[in-house]
Amino acid sequence: MSSERSEPDVQEQLHKYVKLKQYQEAVDCLSAAAEECQQTSNVSLDNLIRNCKGCVGLVQQLADKEEDRSRKIALEQLMTSVGHSLGLLQAKKDQLNKGQETCVKDATSTSTDNAADSHKTQRKLIVEDTIIRKGSISFQDVAGLSEAKEILREAIIMPIQYPHLFTGGLKPWKRILLYGPPGTGKSRLAQAVSQEINSTFYCVSSADLISSWVGESEKIIKELFQHATQQQGRSVIFIDELDSICRSRSSSEEEHTRRVKTELLRQMEGADNMASVEQIFLLCATNRPWELDSAFLRRFQKRIYIHLPDREARKVILQLNTASPSAVFSEKDLDTFTDKTEGFSGSDLSNLILSALYEPVREVQKATHWKETTDGKFTPCDESDPDSIQQSMRDVQPELVQPRQLTIQDFLKALSTSQGTISRAELNKFTEFTQKFGHCG
């Protein structure tokens, strides 16, 4: 016998049905307007205006109720575009009916102003969406990279905690580039900065800055720096994957790409000339520093190589990722792990450790003999164990299942199917770049 649907389920289905119906009605209005526009004669302005008004009204209702930010922005852009056309059509109708040229100008001006206000609001929403609150990652959670952490402390944390030390000719670093292979901790360092300081922290990617609308990308960049300047206290702007928007300029590149680079350079230069010069700190990260335009490289006061984790850092990463009573390693185990993982990035090590952590869980699924521990739980054991009980995992209450202790053998087994993702040729390129333009962190 089928059970009746609950009241909330019925309401949710009804809400979805109404929403889909509104989308369909908006599409019908647009289709009718498009068909009218394709007429070669006897085009009805009244039909065009009526369908455009219907579309704008429906899209406005959908945008007001939409919770997904990307869909909300798309709906607002559609509403702006159709609204602009509606203004022109209404102006044309007024001109024909009254013979007044000024009606067209007024309608066009009003529509343009509304479109400008809508785009400005969207840019502000995009910038505000990049602000992140205090995270849970601190510098202690980042293994190694002591010099990089020291420079970041000098540049960001100390000027906030001890502003009286930075007077006269002593100025904190304001623009720092972190570069190195993928998975070495560049973004993690940025997250640690947001935890260490009580400031506005903008975490920006190229997707946030690049818009499909002509001229919008430059305005978003300008809005970002203006927004940071208006905040109380110090603001930190972190731009990840900088090489995706700041590659070396060439005569063959598209005009809008050149304008984006020019605007970013202008904002970086303008930050130095503002009275609130100490208010904005720019932190950027890239995996391919040799592709950056020289004009951008010149503007970074510090260029820090975030290298692969060294021997001690690999030990710390193991301890941080297996900090539980079920994982106890001797010094010999740690040495074995570090010797066999040379050339692994921090991300490679995390994946390796996760694979090793699964080994005791896999044994639990296949176990046929179990024994009871002192705390009343059951753990897999060998059938020769005198206290063993023959049963499968399904025979044990889920909350009483206890995997065995993690061992170094689990890591050696995981190592047999894991490899580092950074090639020697790539590391050589980073070394050459560091010798020319940066220093090791």
A.B. asks: Do the side chain of Lys149 and the main chain of Gly144 share a donor and acceptor less than 3.5 angstrom apart?
C.D. replies: yes
A.B. asks: If you compare all heavy atoms of Asp410 against all heavy atoms of Gln405, which two are closest, and at what distance to 0.1 Å?
C.D. replies: OD2-O, 4.4 Å
A.B. asks: Verify, without hydrogens or angle tests, whether Lys340 (side chain) and Leu412 (backbone) share a donor-acceptor contact under 3.5 angstrom.
C.D. replies: no
A.B. asks: Would you say Asp339's side chain and Thr336's backbone share a donor-acceptor pair under 3.5 angstrom?
C.D. replies: no
A.B. asks: If the condition is side-chain hydrogen bond (donor to acceptor under 3.5 Å, both in side chains), which residues does Thr286 pass it with, not counting sequence neighbours?
C.D. replies: Asp243
A.B. asks: Of the non-hydrogen atoms in Ile422 and Pro182, which two are nearest, and what is the gap between them?
C.D. replies: CD1-CD, 3.8 Å
A.B. asks: Report the residues that fulfil ring-ring contact (aromatic ring centres under 6.0 Å, His included) with Phe430, sequence neighbours left out, ordered by chain and then residue number.
C.D. replies: Trp290, Tyr305
A.B. asks: How would you list, by chain and number, every residue that makes a side-chain hydrogen bond (donor to acceptor under 3.5 Å, both in side chains) with Arg362, sequence neighbours excluded?
C.D. replies: Glu359
A.B. asks: Write down the atom of Gly343, the atom of Leu308, and the distance for their closest heavy-atom approach.
C.D. replies: O-CD1, 3.7 Å
A.B. asks: Say whether, by atom type as modelled, one donor and one acceptor occur between the side chain of Thr200 and the main chain of Ser235 under 3.5 angstrom.
C.D. replies: no
A.B. asks: Counting C-beta onward and ignoring hydrogens, is there a side-chain heavy-atom pair between Leu177 and Phe437 closer than 4.5 Å?
C.D. replies: no
A.B. asks: Any side-chain heavy-atom pair from Ser217 and Leu209 closer than 4.5 angstrom?
C.D. replies: no
A.B. asks: Could you report the tightest heavy-atom contact between Arg314 and Leu349, atom names first, then the distance?
C.D. replies: CG-CD1, 3.8 Å
A.B. asks: Evaluate the criterion side chain to side chain contact (heavy atoms under 4.5 Å, CB included) for residue pair Trp173 and Leu283; output intermediate values, then yes/no.
C.D. replies: CA-CA 10 Å; Trp173 310 114; Leu283 178 64; over 6 Å; no
A.B. asks: Using a strict cut-off of less than 4.0 Å between a Lys/Arg side-chain nitrogen and an Asp/Glu carboxylate oxygen, indicate whether Glu216 and Arg123 qualify as a salt bridge.
C.D. replies: yes
A.B. asks: For Asp310, does its backbone N or O pair with a side-chain atom of Lys315 as donor and acceptor, under 3.5 Å?
C.D. replies: no
A.B. asks: With sequence neighbours left out, what residues match Phe139 under ring-ring contact (aromatic ring centres under 6.0 Å, His included)?
C.D. replies: none
A.B. asks: Checking Phe411 now: which residues fulfil ring-ring contact (aromatic ring centres under 6.0 Å, His included) with it, not counting sequence neighbours?
C.D. replies: Phe329, Phe337
A.B. asks: Could you list the residues that satisfy side-chain contact (heavy atoms from CB on, under 4.5 Å) with Gln419, not counting sequence neighbours?
C.D. replies: none
A.B. asks: Identify, with sequence neighbours excluded, every residue that meets side-chain contact (heavy atoms from CB on, under 4.5 Å) alongside Phe166.
C.D. replies: Met158, Pro159, Leu170, Pro172
A.B. asks: Could you walk me through whether Gln140 and Ser138 pass the side-chain hydrogen bond (donor to acceptor under 3.5 Å, both in side chains) check?
C.D. replies: CA-CA 5 Å; Gln140 285 71 31; Ser138 67; 3.1 Å; yes
A.B. asks: Answer yes or no: is there a side-chain heavy-atom contact under 4.5 Å between Cys246 and Asp293?
C.D. replies: no
A.B. asks: Go through the structure and list residues passing salt bridge (Lys or Arg N to Asp or Glu O under 4.0 Å) with Glu128, not counting sequence neighbours.
C.D. replies: none
A.B. asks: Asn428: what forms a side-chain contact (heavy atoms from CB on, under 4.5 Å) with it, not counting sequence neighbours?
C.D. replies: Arg424
A.B. asks: Under a 3.5 Å distance rule, please check whether Arg247 uses its side chain to pair with a backbone N or O of Glu291 as donor and acceptor.
C.D. replies: no
A.B. asks: Going by side-chain contact (heavy atoms from CB on, under 4.5 Å), name the residues that satisfy it together with Cys203, two or more places apart in sequence or in a different chain.
C.D. replies: Ile132, Phe201, Phe238
A.B. asks: Donor-acceptor check, side chain of Arg303 to backbone of Leu297, threshold 3.5 angstrom: yes or no?
C.D. replies: yes
A.B. asks: Determine yes or no for a side-chain-to-main-chain donor-acceptor pair under 3.5 angstrom, with Gln301 supplying the side chain and Lys174 the backbone.
C.D. replies: yes
A.B. asks: With a 3.5 Å distance limit and no angle check, can you tell me whether Thr431 reaches the backbone of Leu427 through a side-chain donor-acceptor pair?
C.D. replies: yes
A.B. asks: So, Asp348 side chain and Thr421 main chain: donor-acceptor pair closer than 3.5 Å or not?
C.D. replies: yes
A.B. asks: Could you pull out all residues at least two apart from Asp240 that satisfy side-chain hydrogen bond (donor to acceptor under 3.5 Å, both in side chains)?
C.D. replies: Ser187
A.B. asks: Assess whether side chain to side chain contact (heavy atoms under 4.5 Å, CB included) is satisfied between Glu218 and His256, documenting all intermediate values.
C.D. replies: CA-CA 9 Å; Glu218 301 93 286; His256 71 88; 5.7 Å; no
A.B. asks: What residues, two or more places apart in sequence or in another chain, satisfy side-chain hydrogen bond (donor to acceptor under 3.5 Å, both in side chains) together with Glu263?
C.D. replies: Arg266, Gln267
